[in-house]
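One-based numbering, in listed order, for ligands and for the atoms of each.
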Amino acid sequence: MMSGDRHGGSTVYENVVAQFDRAAETMGLDPSIRKILATTANEVVVHFPVRLDSGKIEMFTGYRVQHNNALGPYKGGLRYHPAVDIDEVRALATWMTWKSAIVDIPFGGAKGGVQCDPSKYSQAELERLTRRFAFALGSNIGPEYDIPAPDVNTNAQTMAWILDTYLSMMPPQERNRCVHVVTGKPIEAGGSLGREKATGQGIAYCIEQWSKDRSFDLSSATCFVQGFGNVGSWAARLLRPLGVTLVAAEDHTGAVAHPAGIDPDRLAQYVRERGGVAGFPGAKPVDHRGFLSTKADIFVPAALENQITKETAPLLTVRLVAEGANGPTDIEGDRILQERKIDLIPDILCNSGGVIVSYFEWLQNKRSESWDLEEVDAKLRRRILGGYDRVRAAAEEFKTDWRTAAYVVALRRLHTVYTRRGIFP
Ligand code: GLU
């Protein structure tokens with residue numbers, strides 16, 4: 001089973017700092033800008049009570065960390081998970097800043113969450129928890145200030161509850177112009193077509209571009225995916241029409257493999273009904289090491305942080321790691337992938353499809369428009385491949401790895417803005 005544990009003493013935020021330092025050194029980033037970007041701007045921690053179905057009250061801790069808003073309003077998801085803590089949320093908020101900068105969308109970076117195991121609560125309890133969390137955040141979020149979205153264990157329904165709670169706290173005259181306070185909403189509540197699959201779609205566009213660059217034939221390729229939630233399942237489903245066969249999948253319930261191919265639509269359906277991949281009839285169970293050693297061309301980690309490490313990176317036999325998750329590779333893992341000449345499409349580029357279509361949703365809400373799916377997909381493709389081109393060019397210019405190159409692209413953009421605007425006062 002995969003592990004989301006902290007390990008080897010390096011926390012997720014320490015990974016971000018190490019990645020940032022490496023890029024800052026590589027490009028010779030101005031020391032003043034470096035100081036600003038090395039710190040988060042605001043960190044909100046809230047403790048709030050929720051009434052359980054039993055009538056008892058339980059206290060929860062929620063977070064919203066805002067890293068930087070030089071390029072636009074703070075933007076980023078909310079996750080519900082037992083491992084959510086200030087260190088993790090800081091890291092995730094910082095990655096959001098880089099992500100939006102790389103694909104050139106006018107957002108800053110933020111992230112939040114509640115430390116909890118959502119599988120232990122009923123729908124009614126999760127609704128009360130979400131509404132109380134939104135109430136506790138109050139004006140720390142806002143449609144032109146900080147815009148949450150789904151992340152691990154949250155979805156369109158979670159966003160609908162936050163929207164409704166936020167609007168209920170506004171004067172009636174203001175409600176209709178604040179629908180863009182969250183993105184990733186249900187279509188009926190102001191969501192965008194194509195948002196649900198957007199992260200997976202972006203991953204598929206990146207992999208397609210990589211295959212062209214490498215003259216690698218995708219039509220007989222194989223992949224395996226870690227995490228079969230929104231991101232992992234959509235990536236597997238959208239890679240299939242390109243010819244890529246899913247041969248293994250893993251999540252918190254276990255791992256399954258079938259070298260002749262797993263039907264990703266059937267597996268997604270099974271996960272919806274059973275809560276995990278374990279026991280899927282179209283494949284055989286494998287252990288965690290067996291899963292990571294799967295013989296395939298592409299690995300898509302789409303679960304939690306720190307999965308590709310000193311211990312696990314040597315097991316991979318793939319040509320490409322396409323990071324659907326945020327922070328799946330730690331510093332040692334990165335070094336080993338490079339030594340072993342495994343290509344990497346780094347998280348802050350590869351999984352940016354989600355926030356890109358969040359931006360489209362936000363724009364549609366502001367303009368009272370609704371775009372058709374073809375338009376959303378075409379615009380997403382253009383944006384993410386624009387980021388891909390800039391990262392490839394920076395990797396060539398600085399003769400560096402793709403993660404560092406992605407940081408260089410983001411840091412350059414932020415550097416330009418700070419230089420133009422200056423620092424107050
Ligand atoms: N949670 C997603 C991410 O990590 C989406 C964020 C958003 O759409 O704001 O990129």
- Message: Counting non-hydrogen protein atoms only, what is the nearest one to atom 7 (C) of ligand 1? Give residue, atom name and distance.
- Response: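 Of the protein heavy atoms, Ala149 CB, 3.3 Å lies nearest.
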Exercise. Which heavy atom of the protein is the closest neighbour of atom 4 (O) of ligand 1, given with residue, atom name and distance?
Worked result: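 Atom 4 (O) of ligand 1 sits closest to the protein heavy atom Lys111 NZ, 2.8 Å.
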Main chain of Gln307, side chain of Thr312: is a donor-acceptor contact present, judged purely on distance under 3.5 Å?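 It does hold such a pair.
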Which of parallel (below 30°), tilted (30 to 60°) and perpendicular (above 60°) describes [X] and [Y]?
X      : Y      : answer
Tyr121 : Phe60  : perpendicular
Tyr388 : Trp402 : perpendicular
Tyr359 : Phe107 : perpendicular

In terms of atom number and element, which parts of ligand 1 are under 4.0 angstrom from non-hydrogen atoms of [X]?
X      : value
Met96  : 3 (C), 4 (O), 6 (C), 10 (O)
Gly76  : 9 (O)
Gly354 : 8 (O)

Got an N/O contact under 3.5 Å between Pro150 and ligand 1?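 Yes - when backbone and side-chain N and O of Pro150 are compared with those of ligand 1, one distance drops under 3.5 Å.
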| said: Using a 3.5 Å cut-off on N or O atoms only, is Ser358 in polar contact with ligand 1? | reply: yes
In short, Arg79 meets Val84 closest at the heavy-atom pair CG-CG2, 3.5 Å
Option of least heavy-atom distance to atom 5 (C) of ligand 1 (set: Arg195, Arg79, Lys75, Lys99):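 That would be Arg195.
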- Candidate with minimal heavy-atom separation from atom 1 (N) of ligand 1, of Leu78, Asp151, Val152: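 The residue whose heavy atom sits nearest atom 1 (N) of ligand 1 is Asp151.
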Honestly, for Val357 the part within reach of ligand 1 (heavy atoms, under 4.0 Å) is neither
Note to self: Check for me whether Gly184 has a heavy atom closer than 4.0 Å to any atom of ligand 1.
What the structure shows: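 Outside the 4.0 Å threshold, so no.
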Checklist line | Option among Arg392, Arg390, Arg412 that satisfies the salt bridge (charged side-chain N to carboxylate O under 4.0 Å, His left out) test with Glu397 | finding: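 The option that passes is Arg412.
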Applying the ring pair (Phe, Tyr, Trp, His ring centres under 6.0 Å) criterion to His67, which one of Trp95, Trp98, Phe20, Tyr13 satisfies it?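 Of Trp95, Trp98, Phe20, Tyr13, ring pair (Phe, Tyr, Trp, His ring centres under 6.0 Å) with His67 is met by Trp98 alone.
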Next on the checklist: Go through it in stages, so that I can follow the logic: the residues are Glu174 and Arg177, the test is salt bridge (Lys or Arg N to Asp or Glu O under 4.0 Å), and I'd like the CA-CA distance, side-chain angles, deciding distance and then a yes or no.
Outcome noted: CA-CA 6 Å; Glu174 314 230 333; Arg177 57 176 186 81; 3.1 Å; yes
